[in-house]
2 protein chains.
Amino acid sequence: MPASPDLLAALTDRLGAAHVLTAPDETEPYLVETRGLHRGRALAVARPADTAEVAAVVALCAEAGVPVVAQGGNTGLVSGGVPQGGLVLSLARLDRVRAIDATNATITVEAGVPLAEVQAAADRAGMLFPLSLASEGSCRIGGNLATNAGGTAVLAYGNARDLVLGLEVVLADGRVWNGLKALRKDNAGYDLKHLFVGSEGTLGIITAAVLKLFPKPASRGVGFVGLADPTAALALFERLRDRAGHDLTAFEVIPPFGLEIVLRHTPGATAPLSGPHGTYALVEFSSTRVDAPAGEALAAALQEALEAGLVEDAALGASEAQNQALWALRENLSEVQRREGGSIKHDVSVPLSRLPEFLATATRACEAAMPGLRVCAFGHFGDGNIHFNLSQPVGMDRAAFLGEWSRFNRIVHDVVHALGGSIAAEHGIGLIKRDELVRYADPVALDLMRRLKTALDPHGLLNPGKVVVPEGDAGPPPLPSG
Amino acid sequence: MPASPDLLAALTDRLGAAHVLTAPDETEPYLVETRGLHRGRALAVARPADTAEVAAVVALCAEAGVPVVAQGGNTGLVSGGVPQGGLVLSLARLDRVRAIDATNATITVEAGVPLAEVQAAADRAGMLFPLSLASEGSCRIGGNLATNAGGTAVLAYGNARDLVLGLEVVLADGRVWNGLKALRKDNAGYDLKHLFVGSEGTLGIITAAVLKLFPKPASRGVGFVGLADPTAALALFERLRDRAGHDLTAFEVIPPFGLEIVLRHTPGATAPLSGPHGTYALVEFSSTRVDAPAGEALAAALQEALEAGLVEDAALGASEAQNQALWALRENLSEVQRREGGSIKHDVSVPLSRLPEFLATATRACEAAMPGLRVCAFGHFGDGNIHFNLSQPVGMDRAAFLGEWSRFNRIVHDVVHALGGSIAAEHGIGLIKRDELVRYADPVALDLMRRLKTALDPHGLLNPGKVVVPEGDAGPPPLPSG
């Protein structure tokens, strides 16, 4: 699609020349996804300052028939924010915390506030905003909501979706839906907010939200546990959940290969346990009650599990610094995979009871498909969410390995599908899983999704080609990895 | 609409004559809402046995252009299940628990399972299904989900919506969407389940669901607290929430008039506190951790609040029997209002920080509008959800009082609206608040709702006249109360 001088002039008129970017060096960061896998193209990047300007930009684009791709921090992992033409609309300048109500335990923020800033604002008010994920310093809350982000606090607090009470959304025609309710109970008609959360900018553009806050925990305990295998990890999880309930705030799993590469590539990192184990779990208890310290409860629960033979070994953080060091082993895992060459990624989930079977079956299938391939299956075990990543065989050409992306998707997603799982647990569909969704989704579900898309964005101008595309119209193909 | 012999014959052919009711004495219970306020009319009542039969019934009705009104236990409080013609489709025979997976903490149930049966099945599996409300013995889980029911456990566990992982739904054209996923994280396209939850049978008919289970609490403590006023109650709530977090599992408020009529009409009930107080709170802590007993923590927190002058007096249940007796004071409140004559009801919510202002303003306005009227504002204070009910003046004619329903709606809902609240907190819109929704909803929200209705039920056959009606087409007026 050629640039439209009229549209650019109108945008410049409305936003000021400084906020309509067309120079290649200025637009570059908005065109490439965070891992450099995909590059898009756009007429321009618009940077409106507030909701009224967002609405004006969308209305101008609607009039011109030009697609709009909303972008927050551009940290997504499914190329959902990579434009394939049209205008990039950056929400970055909508960065105000509009209100905090500690009594109501709510915060009202604009879409462009970085997640870490939402956390910090809550903290200053004496409260907790629990959403937490690797990119929290650079991702923005609007993107977190548009993708229904997950992260490390889902076990106790839910996904991003579960933290939303109200939304403000600019619709495809430029109208503004003001749904900024701050209510714990509201059954006044259909729930519209859940339609936009997780729709990846394809049904509307979230400009602000009312989010839930929580009391800050008074204590936490962190343990690093060595176990025989995922079956033992699942048994430990079930035992801890049934004993600690909501106080079990994290249960992450790290495979031996994952621990190995974290220790290899992280300066100063040391192995928390002496011997090797079949798998590892990072476990956290936290408690709001000062009379019920989390660390002691975790120590007692792990001791009991040791005595029951469920756990092979365990190390407990004896200080907050040690707790953070244990967490760092898990958190650095995403980053250090890059150091081992190409990585083919799957963000999947299965019912918790199927986790051991999933891990065994998918690992076996992938290893059989490419000798030397190194499975790095880690993540949010307590949510049934595994980042089933594949590091290339040592010495293989990176590009050649990444060229196998689709073949391994098929292998892994077939296993996931057979176990009643999801091929998109917390990262969304975006561009790279769009055709996988068509393959695996219930046809009735797909039809419903298309009807919703048509009802809310009849001209297909909001982030076209992502998530759901019209039947028989695949749009531009997902860009090849490389 | 006259009965269609063809349709009835086809239904009888498919379901058997025993499950297509047309005799007045058989259809009667399906035509009248639970308080006897409204009576509807229907061609017949169909009682399919399973999802395939539900789909067949809906397909036959779609073909014949006949509306379908889904009904669970017919315990709703907004006449959402009262038919205004068409066919009543009872889900009562879909009453199987399809699966329980204690490891995954999920239960799969059909729509017609009574709520109490879902609770009992969870309990037998050693788990908790927390949804709890007054009609739990007779309401059915499909209705709870279709109305996004609230109840007394929302504070810690959320509304019915928050307890759903997956749904099976029969669509307006008789197709079945199988969305029975049992996953904690699933971002594979738009979230369809949230569209149907709370849509009161107007977008699809829920036939089965996968629900979350939770560990059973190991202990609970229940306290009955006397406070100066709602401002003190709010301060106490905030203090307990910040100290107990998720362990604060209930915070219900009862006004002096409410306590008075519960004691008057409940045989054997005794006042838990000696002196009179400005307002009362029923507070519950519970804990999953055996090392952190809830009763002791509640006692300590209330003692502290007493010493801080926040609380005037408090009684603690010293046994589970006493806990239940304290809870009964709150639970009997709905029932005993009938004994005081006509009651005009408002199920509303506001942000917690606005609760004292709401209660003061709405009470003042109602008392000014009718001398002698007795405000009975009670309920789920910790959720910002008040049942702002009005008992008739002593000696007034009941029907004359109920004739003022709309006038008092206007007074109360205006106050709610001005405070950013909801006119339908947990009971839904149904028939009786349909026109109120049009009055108070953001016009853009209303337009979105209508678009969703058109997208999913283009011929308007699912529970027509409820929740959202086409613009300019009010449908039959909400039946007058009486």
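Every value quoted in this text rests on a predicted model; they were computed, and no experiment measured them. A note on names: the letters A, B, ... follow the listed sequences, proteins ahead of strands, and every chain is numbered from 1.
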Chemist: Might you point out which heavy atoms bring A:Arg289 and B:Ser287 nearest each other, and give the distance in Å?
Modeler: NH1-CB, 3.5 Å
Chemist: Select one option (side chain, backbone, both, neither) describing which atoms of A:Asp247 are under 4.5 Å from chain B's heavy atoms.
Modeler: side chain
Chemist: Which atoms of B:Arg175 are under 4.5 Å from chain A, going by heavy atoms: the side chain, the backbone, both sets, or neither?
Modeler: side chain
Chemist: To the nearest 0.5 Å, what is the distance between CG on A:Leu195 and CE on B:Met449?
Modeler: 11.0 Å
Chemist: Which one, B:Asp442, B:Val467, B:Leu171, leads in non-hydrogen pairs under 4.5 Å with chain A?
Modeler: B:Asp442
Chemist: Considering only heavy atoms, which portion of B:Val176 lies under 4.5 Å from any heavy atom of chain A: side chain, backbone, both, or neither?
Modeler: backbone
Chemist: If you take all heavy atoms of A:Pro458 and B:Arg451, which pair is closest and at what distance?
Modeler: CD-NH1, 4.3 Å
Chemist: Within this structure, what is the CG-CG distance for the pair B:Asp186 and A:Asp383, rounded to the nearest 0.5 Å?
Modeler: 12.5 Å
Chemist: Do B:Asp347 and A:Lys185 make a side-chain contact, defined as non-hydrogen atoms from C-beta onward lying under 4.5 Å apart?
Modeler: no
Chemist: Which distance, rounded to the nearest 0.5 Å, do you find between the CG of A:Asp291 and the CG of B:Asp291?
Modeler: 9.5 Å
Chemist: Examine whether an atom of A:Leu234 lies under 4.5 Å from a heavy atom of chain B, and if so say whether it belongs to the side chain, the backbone or both; otherwise answer neither.
Modeler: side chain
Chemist: Does any backbone or side-chain atom of B:Ile429 lie under 4.5 Å from a heavy atom of chain A? Answer side chain, backbone, both or neither.
Modeler: both
Chemist: What are the two closest non-hydrogen atoms of B:Pro215 and A:Arg241, and how far apart are they?
Modeler: CG-O, 3.2 Å
Chemist: Could you check which of A:Val197, A:Leu180, A:Thr202 has the highest count of heavy-atom pairs closer than 4.5 Å to chain B?
Modeler: A:Thr202
Chemist: Who wins among B:Val290, B:Ile423, B:Val154 for the most heavy-atom pairs under 4.5 Å with chain A?
Modeler: B:Val154
Chemist: Please look at B:Asp101 and chain A and tell me whether the side chain, the backbone, both or neither of the residue comes under 4.5 angstrom of a heavy atom of that chain.
Modeler: side chain
Chemist: For B:Asn148 and A:Asn187, which I'm curious about, is there any donor-acceptor pair between the side chains at under 3.5 Å?
Modeler: yes
Chemist: Starting at CG of A:Leu183, measure out to OG of B:Ser349 and round the result to the nearest 0.5 Å.
Modeler: 4.0 Å
Chemist: Side chain, backbone, both or neither: which part of B:Tyr440 has an atom under 4.5 Å from a heavy atom of chain A?
Modeler: neither
Chemist: Could you measure the distance from the OH atom of B:Tyr190 to the CG atom of A:Leu448? Nearest 0.5 Å is fine.
Modeler: 12.0 Å
Chemist: For A:Glu426, is it the side chain, the backbone, both, or neither that has a heavy atom closer than 4.5 Å to a heavy atom of chain B?
Modeler: both
Chemist: Which one, B:Val444, B:Thr288, B:Val350, B:Asp162, leads in non-hydrogen pairs under 4.5 Å with chain A?
Modeler: B:Thr288
Chemist: Which residues satisfy the side chain to side chain contact (heavy atoms under 4.5 Å, CB included) test with A:Ala301, sequence neighbours excluded?
Modeler: A:Leu240, A:Phe285
Chemist: Minimum heavy-atom separation for A:Thr103 to B:Leu352, with atom names?
Modeler: O-CB, 4.2 Å
Chemist: If we define contacts as heavy-atom pairs under 4.5 Å, which of B:Ser353, B:Gly245, B:Gly428 has the most with chain A?
Modeler: B:Ser353
Chemist: Identify which of A:Leu155, A:Thr106, A:Asn159, A:Val348 forms the greatest number of heavy-atom pairs closer than 4.5 Å to chain B.
Modeler: A:Asn159
Chemist: For chain B, which candidate among A:Gly420, A:Pro443, A:Gly384 shows the most heavy-atom pairs at distances under 4.5 Å?
Modeler: A:Gly420
Chemist: Between A:Leu437 and B:Ala188, which heavy-atom pair has the shortest distance, and what is it?
Modeler: CD1-O, 3.6 Å
Chemist: Quick check on A:Ala297 against chain B: is it the side chain, the backbone, both or neither that has a heavy atom closer than 4.5 Å?
Modeler: both
Chemist: Spell out, as yes or no, whether a donor-acceptor pair under 3.5 Å connects the side chain of A:Asn104 to the backbone of B:Arg354.
Modeler: no
Chemist: Tell me which of these, B:His246, B:Glu200, B:Arg184, B:Glu296, has more heavy-atom pairs under 4.5 Å with chain A than the rest.
Modeler: B:His246
Chemist: Under 4.5 Å heavy-atom distance to chain A, tell me which part of B:Arg161 shows up: side chain, backbone, both or neither.
Modeler: side chain
Chemist: Quick one: of A:Gly166, A:Pro293, A:Pro217, who has the most non-hydrogen atom pairs under 4.5 Å with chain B?
Modeler: A:Pro293
Chemist: Contact part of B:Ala105 toward chain A, heavy-atom cut-off under 4.5 Å: side chain, backbone, both or neither?
Modeler: both
Chemist: Relative to chain B, which of A:Ala102, A:Ala235, A:Gly198, A:Ala218 shows the most heavy atom pairs under 4.5 Å?
Modeler: A:Ala102
Chemist: Non-hydrogen atoms of chain B under 4.5 Å away: do they reach the side chain of A:Thr147, the backbone, both or neither?
Modeler: backbone
Chemist: Where do B:Leu192 and A:Leu452 come nearest, in terms of heavy atoms and distance?
Modeler: CD2-CD1, 3.7 Å
Chemist: Checking heavy atoms, do the side chain of B:Leu456, its backbone, both or neither come under 4.5 Å from chain A?
Modeler: both
Chemist: Counting only non-hydrogen atoms closer than 4.5 Å, does A:Asp447 touch chain B with its backbone (N, CA, C, O), its side chain (CB onward), both, or neither?
Modeler: side chain
Chemist: Go through A:Arg243, A:His380, A:Lys193 and name the one with the most non-hydrogen pairs under 4.5 angstrom from chain B.
Modeler: A:Arg243
Chemist: For B:Leu165, is it the side chain, the backbone, both or neither that has a heavy atom under 4.5 Å from a heavy atom of chain A?
Modeler: neither
